[in-house]
Amino acid sequence: MSTNQRLSELFETIARMMDLLGEDSFRTAAFAKAGRAVADQSQDVTTLADTPAVLKAKLLEIPGIGKSMADRIVEFAGTGTIADFAALSEKLPPGLLELTTIPGVGAKSVRVWWQEGKITNLAQLKAAIADGSLATLPRMGEKSVAKIKENLSLMGSADQRTSLGRAAAVADIVVAFLLTLPEVERAVPAGSLRRGKETIGDIDVLVALKESKEPLAARQRVVAEAFRTMPGVVQVIASGENKSSVRVGLDGGSGRWKADEEKTAANSIQVDLRILPNSSFGAGMMYFTGSKEHNVRLRERALKLGWTLNEWGLFPNDAEPTPPHTRGVVPLASATEEEIYAKFGLPWIAPELREDRGELEVTAALRLIEVADIKAELHAHTTASDGNMEIEELASRAKERGFHTIAVTDHSKGQPVAGGLTIDRLLQHIEDIAKAREVVTGIRILAGSEVDILADGTLDYPDDILRRLDVVVASPHNGLTQDPQSATRRMVAAIRHPLVHIIGHPTGRLVNRRNGISPDMAALFAAAKECNTALEINAHWMRLDLRDIHVKAALEAGCLIAINCDVHAAGDFENLRFGVKTGRRGGLTPERCINAWDAATLHGWLKRKRGG
DNA sequence: GCCGTTTTCGGCCCGACTGTTTTCAGTCG
């Protein structure tokens, strides 16, 4: 786990502990916010400067970090912990914190159990459920206890975030089901899925109803009922008129990493459905897309302008206590996201950017990369190593997608388990690729390799072999637990290698499973900029490596980005959407993505990169 | 505790749903 992740979790834990002690909620929120701010940084925040004073000054530049939080980070940099944590631990019985991880149970409930019921851990809670004493505590009753009992089994799985690809597969099924209902006009995924986050807490789906003479409430009920009883639902969490929540079962189905994935992932995921009239669709999409922080920022801005923003629309703020839409107030804007942002003087903001990372400060929208911009796949495997397509099929599939270029990049010899090619086999493979060019025309088939970057930064083939290839993708596969300093030296050496075009999955991390290496990313970006080496966003949803915050920092450093599907099977091309979303989250435009270049530009770059 | 296009003090988003209550608190997103 990276330093930033550890520090971020520490801040969030402190916030939860303060909540349990009933401390001021705004103060508590500041700790949680500091945790998110740290997690959003692409650089290790403890090593931004050599001296504490300079470090503190650098930290103060991060939004959400003030003097007090900066001091705590400096403390963490020196001692590896924050004194507040130990002090709070003294005040709280061990086991209490765990109780807040029960779904539907928050700090206030746990505090009451502790203060009024002397319940301080899971065993005592279970005993209090069994002997009926829990139901006698304030604001507890039969239904609450039954719900807690049911949700105890979800502990650990309910807060486990699901990878983007698995959640997207479920969302696709739910959306397809909803679209079969005659009442439904539109059904779209929102939430973190629409924003393209690498992991998804729950799936949010928004439905707009068709125009009809039937009463709105009646049609909402029909759709909600169908949703709550659709195939795959294992638990109904909430069932209101406007909003329903269920949990649906998750299948395995995660391709190359299936066996390992199933050990850790939740076996069900929450799906929230929000049903709205068409006239509120834009406001509903904004509310349900989030992020929460983006929404809060926008709602604060609305207040300053004399308005109030909710999921029904943007309204004049008349300071009445009841929501404006319930009183028939006419919204200033509500039907589309564009018109609501326009009221704020903002361009439409891409969902991927709505993370409160400064996106509301822009004046003109960037033209972000789109799936349709991608015209080349530069990282693909065949049956020669661990892919399942022959060269010809791979090339045909790429051509079908309208690509002008496909690079065949099988593994190098250091990956014997993945069928890595010995030098003799590689030379034969280059000839096979040449033959395939005569069979499949209308697309440029490049001979390449995904060559291992060895732990010391050297490559798995000698230069005279690499020179025979049209394209070289260099990737780390082994030694992924090495220390940051060694990892930095290793990756910078590969980036500086004159025959390397692209660095594949630069950290080797796997979402929810493996952290990979933690090199000094700024050093990598500086070297990549200097040497004109492209850095890959590996589009497989288990990788998404570079990750979003790295893409942003790489672009700021002036780097080129590649988005590759790392194709092993025909279906892997479909992962492109995840890689593109990750690029968009980092602010990637087509000009900076080598896969979006036309053929002449790309092939010219491949040659010039080597001084040819 | 953070922050400033009215503020260096005094704010800090908004609504749906549930369950325990008869008007609201807790949780969630």
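To find a chain, count down the sequence lines: A is the first, B the second, and so on, and within it residues start at 1. A quick note: this is a predicted structure, and the numbers were derived from the prediction, not measured.
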>> Whether the A/Arg186 and A/Asn278 side chains hold a donor-acceptor pair (N or O, under 3.5 Å, no angle test) is what I'd like checked.
In response: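 A pair is found: one side chain offers a donor N or O, the other an acceptor, under 3.5 Å apart.
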
>> Could you identify the nucleotide paired to B/dG29, looking across every strand shown and requiring Watson-Crick or G-U wobble geometry with both distances under 3.5 Å?
In response: B/dC14

>> Please compare A/Pro138 and A/Phe31 by the position of their nearest nucleotide in DNA chain B and report the one closer to 5'.
In response: A/Phe31

>> According to side chain to side chain donor-acceptor pair (under 3.5 Å), who are the partners of A/Trp312, at least two apart in sequence or on a separate chain?
In response: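 Checked A/Trp312 against side chain to side chain donor-acceptor pair (under 3.5 Å); matches are A/His325.
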
Mind listing the N/O atom pairs, protein and nucleotides 23-26 of chain B, below 3.5 Å?
| residue | atom | partner | partner atom | Å |
| --- | --- | --- | --- | --- |
| B/dG26 | O3' | A/Ser109 | OG | 3.2 |

Result block: side-chain N/O donor-acceptor pairs under 3.5 angstrom for residues 132-148 of chain A, not counting sequence neighbours:
| residue | atom | partner | partner atom | Å |
| --- | --- | --- | --- | --- |
| A/Ser133 | OG | A/Asp131 | OD1 | 2.7 |
| A/Thr136 | OG1 | A/Ser133 | O | 2.6 |

>> Please find the pair of heavy atoms, one from A/Ala37 and one from A/Ile62, that lie closest to each other, and give the distance.
In response: CB-CG2, 4.1 Å

> Nearest heavy-atom pair of A/Arg584 and A/Glu352: which atoms, and what distance?
Replying inline: NE-OE2, 2.9 Å

N/O-N/O pairs, protein side and nucleotides 8-17 of chain B side, under 3.5 Å:
| residue | atom | partner | partner atom | Å |
| --- | --- | --- | --- | --- |
| B/dC13 | O2 | A/Arg299 | NH1 | 2.7 |
| B/dC13 | N4 | A/Lys292 | NZ | 2.9 |
| B/dC14 | OP1 | A/Thr308 | OG1 | 3.1 |
| B/dC14 | O4' | A/Arg299 | NH1 | 2.9 |
| B/dC14 | O2 | A/Arg299 | NH1 | 3.4 |
| B/dG15 | OP1 | A/Asn310 | ND2 | 3.3 |
| B/dA16 | OP1 | A/Trp312 | NE1 | 3.4 |
| B/dA16 | OP1 | A/His325 | NE2 | 3.3 |
| B/dC17 | OP1 | A/Glu241 | N | 3.0 |
| B/dC17 | OP1 | A/Asn242 | N | 2.7 |
| B/dC17 | OP1 | A/Lys243 | N | 2.9 |

> Got a sec? Which of residues 345-362 of chain A come in under 4.0 Å of DNA chain B, heavy atoms?
Replying inline: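 Within residues 345-362 of chain A, no residue comes under 4.0 Å of DNA chain B.
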
>> Under the rule for side-chain contact (heavy atoms from CB on, under 4.5 Å), what residues qualify as partners of A/Glu225, not counting sequence neighbours?
In response: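 If we apply the side-chain contact (heavy atoms from CB on, under 4.5 Å) test to A/Glu225, skipping adjacent residues, the hits are A/Arg228, A/Thr229.
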
> Do A/Glu98 and A/Met155 have side chains that get closer than 4.5 Å, going by heavy atoms?
Replying inline: yes

